[in-house]
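Taking it in order: structure first as structure tokens, then the write-up.
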Number of protein chains: 4
Amino acid sequence: MSYELLEADRSAVVVIDLQGKLVEMAHRSELVLAATERLLRLAAIFERPVILTEQYPQGLGETHPRIRAVFDELEVPKRLVRKVSFGCCGDAGFLAALDDLLPGFPPRRRQLVVAGIEAHVCVMQTVIELLRRDAQVHLCWEAVSGRGEEYRRHALDRMQQAGAILTNHESVGFEWARGKEHPGFRELNRLLRDGQLT
Amino acid sequence: MSYELLEADRSAVVVIDLQGKLVEMAHRSELVLAATERLLRLAAIFERPVILTEQYPQGLGETHPRIRAVFDELEVPKRLVRKVSFGCCGDAGFLAALDDLLPGFPPRRRQLVVAGIEAHVCVMQTVIELLRRDAQVHLCWEAVSGRGEEYRRHALDRMQQAGAILTNHESVGFEWARGKEHPGFRELNRLLRDGQLT
Amino acid sequence: MSYELLEADRSAVVVIDLQGKLVEMAHRSELVLAATERLLRLAAIFERPVILTEQYPQGLGETHPRIRAVFDELEVPKRLVRKVSFGCCGDAGFLAALDDLLPGFPPRRRQLVVAGIEAHVCVMQTVIELLRRDAQVHLCWEAVSGRGEEYRRHALDRMQQAGAILTNHESVGFEWARGKEHPGFRELNRLLRDGQLT
Amino acid sequence: MSYELLEADRSAVVVIDLQGKLVEMAHRSELVLAATERLLRLAAIFERPVILTEQYPQGLGETHPRIRAVFDELEVPKRLVRKVSFGCCGDAGFLAALDDLLPGFPPRRRQLVVAGIEAHVCVMQTVIELLRRDAQVHLCWEAVSGRGEEYRRHALDRMQQAGAILTNHESVGFEWARGKEHPGFRELNRLLRDGQLT
């Protein structure tokens, strides 16, 4: 198991199932939404590819409009994956998107920054399967949630035990930048200026 | 150590010592009972075998009637094991039942979903011994308890440190289904419709 | 690293520095004293050897009279070690006592059940050094303490990370017995009858 | 991974970015300052080298005067490193200082005692990179902080998962001394006499 810092050139962002009905039921949903918005803006600053997934949108509703709006504005490589399997890796389109967006990096070099819901169902199944495919998973604790704080907390623990790294959007941005000389640093600073999300 | 998702065809449910006098002393006993009932109904939906154990029922009383009623209704392969050793693996009948109910799977492929009491005594001794026999243990945190929250919490930690995976009945059901196309999904949904247990 | 249950024939109890002045400053000192008393009585029931240590008793005072009284009554093999090094393994008499009390068992087979204070000083130094000598350490969370709950909690975490198993006197007793048929079970039951220590 | 106690002859202290504006925003900043002061005094007692770092002091301000005053008084080998990379290992001067201050010890033998802010940015990037260079990191939980308790707590967890040891200035001192016979013990005792920092 490798516990590395993020490196911008081999990272991608994966946002899982932040859909209408599900988001409303999530613990601290405002934090999840605000942190995911910032994470997507960080992807823009550091030119990182993004995958947005939706679980059976016909029934569960589409991605929350705040998230969808930021996603639509992104000019980085991006994919929208609609799926019927709970875990993203059960969907061939998701796996193809990963290969597509991080070309040239074998799975064990890929660093996937994950946000979304629900921690103990779709996020869990995605993360465990990604880890078994040798990818590195950096899970944003403030942007991953679900119904019930206890269910969420134990799910984060289980993913961590399996090898996922618990991080947050601020750490992600500072790891992608690595220092104040990075051309994206000024914009990173501006994005975080309104204060820390809690 | 392997941190896999559950796969329905090689999983079994083990419910440990949910007996009258002991259940009444357990921390959050209503949650334990309700979650275990749902876990048994999930075993029915996904056709998974079940072992129910009782510790010295002559002295400690029989399985709680709510659990016993669901167990009796089950049409899946099942066994009732009465034991005098605290850990289930100390009982030859338990080990034979495992071999019987998961034929063709070597121990390291077996995924045992565990509920019951007391976390720091009979559940602990069972889980550590199962892990030493290379089985995977998925421990439902909401369905495992005992007297004293601190004793319970540290017991869960110790089992996790030894390699057990902390899960819950909802995650179990969604891992057995893996996606909304599974024939059992509609029934799973119905079972969880009344809201999340806490 | 081995995460086994205790086996009575290769276990010993180590009680560290429960001395007057230090005990009074410990977080939840009444719990520490009561649990250690029970642990010593369990050693008597299951005929397990005991080492009691004192750090510089001329200055810090002698072992708390409640603990000393139970220790003095013990008819099992026992040693009192007075030391000036914080960790017990820095004292040749302690290491000799271990060899003496668990003859025939190589270090990696020895299971040492530890109680005492302070978690982040003398217990820490003892436990880390025991683990580096390949012994198994079973640390009773309710019988290990020190000044400041945060210092204690982080110390327990660090010892666990290094490979110590967090247990408690009840689990110790039930692991030594393993089942209700054990000749010591009746006496174990009597000892715990007054209720769970918290 | 090695979970050793500290040994004075191969330890150094690293204090990260305790600068004006940043310190004021840190959770429990008084504890961080007081514990770091004591840690520096321990370095003096046990004659351990010290590195003090500042992140872009032109913009973020200089080291907090209380810390700077103790640092300036130190007669042990010491270095002040001004950096623009968030992690100290991104700065060639920092790596050279380590080689300089702990000559003759290969990286995997070096024990670095770390204090500073922010846990989830500069401390994180420093610690993960030090661990990847095989150094041992002993992180003082009471002297490491940042904005937001949740960000801090998860950052400590992540560093621990990566192999860092969570310790505190008291444990550091007692591990450097190892016993009451150490010539520095009397001074250590005097330093801690005013009571435990919380």
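Worth saying up front: this structure is predicted, and the values here are computed from it rather than measured.
At most 12 non-hydrogen atoms from other residues, nucleotides or ligands lie less than 6.0 angstrom from CD of D:E47. Annotation for D:E73: atom CD counts as buried by contact number, over 12 foreign heavy atoms lying within 6.0 Å. Atom CZ of A:R66 has more than 12 neighbouring heavy atoms from other residues, nucleotides or ligands inside a 6.0 Å radius.
Distance check: A:E4 CD to D:L131 CG gives 12.5 Å after rounding to the nearest 0.5 Å. Atom CE of D:M124 sits about 6.5 Å away from atom OG1 of A:T167, to the nearest 0.5 Å. In this structure, the separation between CD1 on A:I165 and CG on D:D157 is 13.0 Å, given to the nearest 0.5 Å. Atom NE2 of A:H182 sits about 13.0 Å away from atom OG of D:S85, to the nearest 0.5 Å. The distance from the OH atom of A:Y3 to the CD atom of D:Q161 is 4.0 Å, given to the nearest 0.5 Å. How far NE2 of D:H120 is from CD of A:Q196: 5.0 Å, rounded to the nearest 0.5 Å.
Contacts between D:R147 and chain A at a heavy-atom distance below 4.5 Å involve backbone atoms as well as side-chain atoms. Heavy atoms of A:L197 lying under 4.5 Å from chain D belong to its backbone as well as its side chain.
Within the 4.5 Å cutoff, the side chain of D:R158 has heavy atoms near those of the A:H138 side chain.
Aromatic rings of A:F185 and D:F86 (six-membered ring for Trp) have centroids within the 6.0 Å cut-off, being under it.
Ring-plane geometry between A:H169 and D:Y151 is classed as perpendicular, the angle between the planes exceeding 60 degrees on a 0 to 90 degree scale with a lower cut at 30.
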Exercise for the section: Show your working on side chain to side chain contact (heavy atoms under 4.5 Å, CB included) between A:L5 and D:E129 and close with a plain yes or no. Expected result: CA-CA 8 Å; A:L5 299 176; D:E129 290 293 309; 3.5 Å; yes
Exercise for the section: Walk me through it: do D:E150 and A:R28 pass the test salt bridge (charged side-chain N to carboxylate O under 4.0 Å, His left out)? Expected result: CA-CA 14 Å; D:E150 242 181 317; A:R28 295 167 87 187; 2.8 Å; yes
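Under a 3.5 Å cut-off, the side chain of A:S171 and the backbone N or O of D:V121 do not form any donor-acceptor pair.
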